[in-house]
> 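First the structure, then my questions, so here it is.
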Amino acid sequence: MRIIISPAKKMRTDTDSLPWQDLPAFLEKTELILERLRGMSGEELKALWKCSDSIAALNVERLASMDLRRGLTPAVLAYEGIQYQHMAPGVFSAGAFAYIQEHLRILSGFYGLLRPFDGVTPYRLEMQAKLALEGARDLYGFWGDDLARTLAAETDCIVNLASKEYSRSVSPHLPPSVRLLTCVFGEEKAGKIVEKGTQCKMARGEMVRYLAEHRIQDPEALKGFASLGFRYSPKHSDEQTFVFCHEPATGGKA
């Protein structure tokens with residue numbers, strides 16, 4: 001079993017808490033991306049990143065001094081988004097760290113596929129960015145089936161906790177022999193499951209922590225997850241999709 005999650009835009013450098021273990025598997029392709037980005041103007045980069053002047057300036061500065069092999073942070077500690085805050089790897093036990101190193105994979109537009117203790121440096125590049133390079137019109141084309149092939153060589157079941165933007169880099173390329181099990185976190189409204197962005201990110205992080213703390217090996221055990229008001233819903237689920245429904249608060253605090 002492998003678990004895939006999205007990265008976060010907000011990143012930090014932490015060279016003190018835990019050491020990184022390996023360089024990312026697709027570092028040669030990352031170097032091509034870096035070279036392409038360094039060849040772009042500040043205005044082109046700002047348009048690519050779709051960000052403010054201050055964020056663009058920060059990341060232009062990062063590009064200029066970026067070292068892909070030194071001063072690195074373990075990937076699981078480098079991302080600071082909502083999902084990672086709720087995953088809370090900073091308080092993981094040694095056993096939980098060992099579990100995620102084996103089972104968890106982080107999808108990245110810049111690095112492709114990361115293990116939790118692969119060493120990374122702060123960057124800004126979403127998977128859906130329209131960056132043309134190496135004959136591909138965007139990053140989906142650039143990464144092609146590389147990420148899916150790597151995952152398929154490791155497992156016959158992928159638990160998908162990634163956003164659609166990122167899971168799209170894997171799902172079209174998986175062979176029929178690999179089960180892609182997508183977890184959905186939402187509320188039932190008018191007979192449909194409606195997902196809310198922040199709630200989903202929180203729940204995905206909590207799910208990773210649940211899997212790590214309980215050392216889950218069997219995908220069926222995901223059904224035992226219950227956090228933030230979410231519970232597994234058999235009537236909304238099937239073999240490819242596990243739906244966790246959230247009951248809206250009827251009064252007082254949720």
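What you see is a predicted model, and the numbers here were worked out from it, not measured in a lab.
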> Can you name the closest pair of heavy atoms from L161 and R204 and give their distance?
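Looks like O-CD, 3.1 Å.
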
> More than 12 heavy atoms of other residues, nucleotides or ligands under 6.0 Å from CD of E220: is that the case?
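Atom CD in E220 is packed in, count exceeds 12.
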
> How close do T73 and R12 get, heavy atom to heavy atom, and via which atoms?
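Minimum heavy-atom separation between T73 and R12: OG1-O, 3.9 Å.
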
> How about Q217: does its CD atom have over 12 heavy atoms from other parts shown lying under 6.0 Å from it?
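Yes.
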
> When rounded to the nearest 0.5 angstrom, what distance separates CG in L18 from CZ in F97?
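Taking CG in L18 and CZ in F97, the distance rounds to 5.0 Å.
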
> Do the side chains of K201 and K196 get nearer than 4.5 Å, heavy atoms only?
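No. Closest side-chain heavy atoms not under 4.5 Å.
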
> Evaluate the salt bridge (Lys or Arg N to Asp or Glu O under 4.0 Å) criterion for residues E239 and R179: first the C-alpha distance (whole Å), next the side-chain angles of each, then the deciding distance (0.1 Å), finally the verdict.
CA-CA 9 Å; E239 282 297 304; R179 177 188 182 189; 3.6 Å; yes

> Can a salt bridge be assigned to the pair E134 and K29 using a cut-off of 4.0 Å between side-chain N and carboxylate O?
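Not counted as a salt bridge, because no side-chain N and carboxylate O are separated by less than 4.0 Å.
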
> Show the nearest heavy-atom pair for residues G95 and R215, with the distance to one decimal.
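Scanning both residues, the minimum pair turns out to be CA-NH2, 3.4 Å.
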
> Strictly below 4.0 Å, N to O, side chains only: are R69 and E31 in salt-bridge contact?
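Salt bridge present between R69 and E31.
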
> Find the distance between CG (L113) and CZ (R2) and round it off to the nearest 0.5 Å.
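Spacing of CG (L113) from CZ (R2) equals 10.0 Å.
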
> Using 0.5 Å steps for rounding, measure from the CG atom of D118 to the CG atom of L27.
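D118 CG to L27 CG: 9.5 Å, rounded to 0.5 Å.
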
> Are F92 and Y99 near enough that their ring centres are under 6.0 Å apart?
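No, ring centres 6.0 Å or more apart.
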
> I'd like to know whether L68 forms a side-chain contact (heavy atoms from CB on, under 4.5 Å) with Y111, so could you lay out the CA-CA distance, the side-chain angles of the two residues, the decisive distance to 0.1 Å, and finally the verdict.
CA-CA 10 Å; L68 299 177; Y111 284 105; 3.8 Å; yes

> Under 4.5 Å between side-chain heavy atoms, counting indirect links through other Ile/Leu/Val/Met/Phe/Trp/Tyr residues: same cluster for L181 and I193 or not?
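No: no chain of side-chain contacts under 4.5 Å links L181 to I193.
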
> Of all heavy-atom pairs between R124 and C51, which one has the smallest distance, and what is that distance?
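Looks like NH2-CB, 3.7 Å.
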
> Between the side chains of S108 and Y166, does any donor sit under 3.5 Å from an acceptor?
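The criterion, which ignores hydrogens and geometry beyond distance, is not satisfied for Y166 and S108.
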
> Going from CZ on F230 to SG on C200, what distance comes out if it is rounded to the nearest 0.5 angstrom?
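Here the interatomic distance stands at 6.5 Å.
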
> So, taking the atom named OG in S169 and the one named CH2 in W143, what distance separates them when rounded to the nearest 0.5 Å?
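Separation between the atoms: 9.5 Å.
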
> Have a look at M1 and tell me which of I216, I158, D218 forms a side-chain contact (heavy atoms from CB on, under 4.5 Å) with it.
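Of the listed options, the one satisfying the test is I216.
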
> Counting heavy atoms not belonging to E43, are there more than 12 under 6.0 Å from its CD?
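No - once you tally the heavy atoms of other residues, nucleotides and ligands closer than 6.0 Å, there are 12 at most.
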
> Quick one: does T15's side chain have a donor or acceptor within less than 3.5 Å of a partner on G71's backbone?
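No.
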
> Do NZ/NE/NH1/NH2 and the carboxylate oxygens of E154 and R105 come within less than 4.0 Å?
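The answer is yes: the pair qualifies as a salt bridge.
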
> Let me check something: do Y140 and F110 share a hydrophobic cluster, defined by ILVMFWY side-chain heavy atoms less than 4.5 Å apart, either directly or through other members?
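Y140 and F110: one cluster.
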
> Under the criterion side-chain contact (heavy atoms from CB on, under 4.5 Å), I'd like the reasoning laid out for L45 against L37: C-alpha separation, chi angles, the key distance, then a yes or no.
CA-CA 7 Å; L45 288 167; L37 294 175; 3.9 Å; yes

> side-chain hydrogen bond (donor to acceptor under 3.5 Å, both in side chains) for T241 and T182? Distances and angles first, verdict last.
CA-CA 5 Å; T241 309; T182 299; 5.5 Å; no

> Can you give me the closest heavy-atom contact between H86 and E206, atom names plus distance?
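Here H86 and E206 meet closest at ND1-OE2, 3.0 Å.
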
> Hey, what's the ring geometry for Y210 with H214, parallel, tilted or perpendicular (30° and 60° as the breaks)?
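Answer is tilted, since the angle falls between 30° and 60°.
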
> Using every non-hydrogen atom in the two residues, find where L72 and D67 come nearest and quote the distance to one decimal.
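Smallest interatomic distance, heavy atoms only, reads CD2-O, 3.7 Å.
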
> Salt bridge or not for K46 and D53, using N-O below 4.0 Å?
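Yes, K46 and D53 are salt-bridged.
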
> Please test I82 against T198 for side-chain contact (heavy atoms from CB on, under 4.5 Å), starting from the C-alpha separation and ending with a verdict.
CA-CA 7 Å; I82 294 171; T198 299; 3.9 Å; yes

> Compare all side-chain heavy atoms of D146 with those of H173 and state whether any distance is below 4.5 angstrom.
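A side-chain contact is absent here, since even the closest heavy-atom pair is not under 4.5 Å.
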
> Test side-chain contact (heavy atoms from CB on, under 4.5 Å) on E187 and C245; report intermediate values, then the result.
CA-CA 5 Å; E187 295 180 5; C245 281; over 6 Å; no

> Is the positively charged end of K10 above the ring of Y79, judged by distance under 6.0 angstrom from the centroid and angle within 45° of the axis?
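That pair does not qualify as a cation-pi contact.
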
> Supply the atom-to-atom distance L139 CG to I33 CD1, rounded to the nearest 0.5 angstrom.
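The CD1 atom of I33 is 5.5 Å from CG of L139, to the nearest 0.5 Å.
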
> Taking the six-membered ring for Trp, are F244 and F225 closer than 6.0 Å centroid to centroid?
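Yes, the ring centres sit under 6.0 Å apart.
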
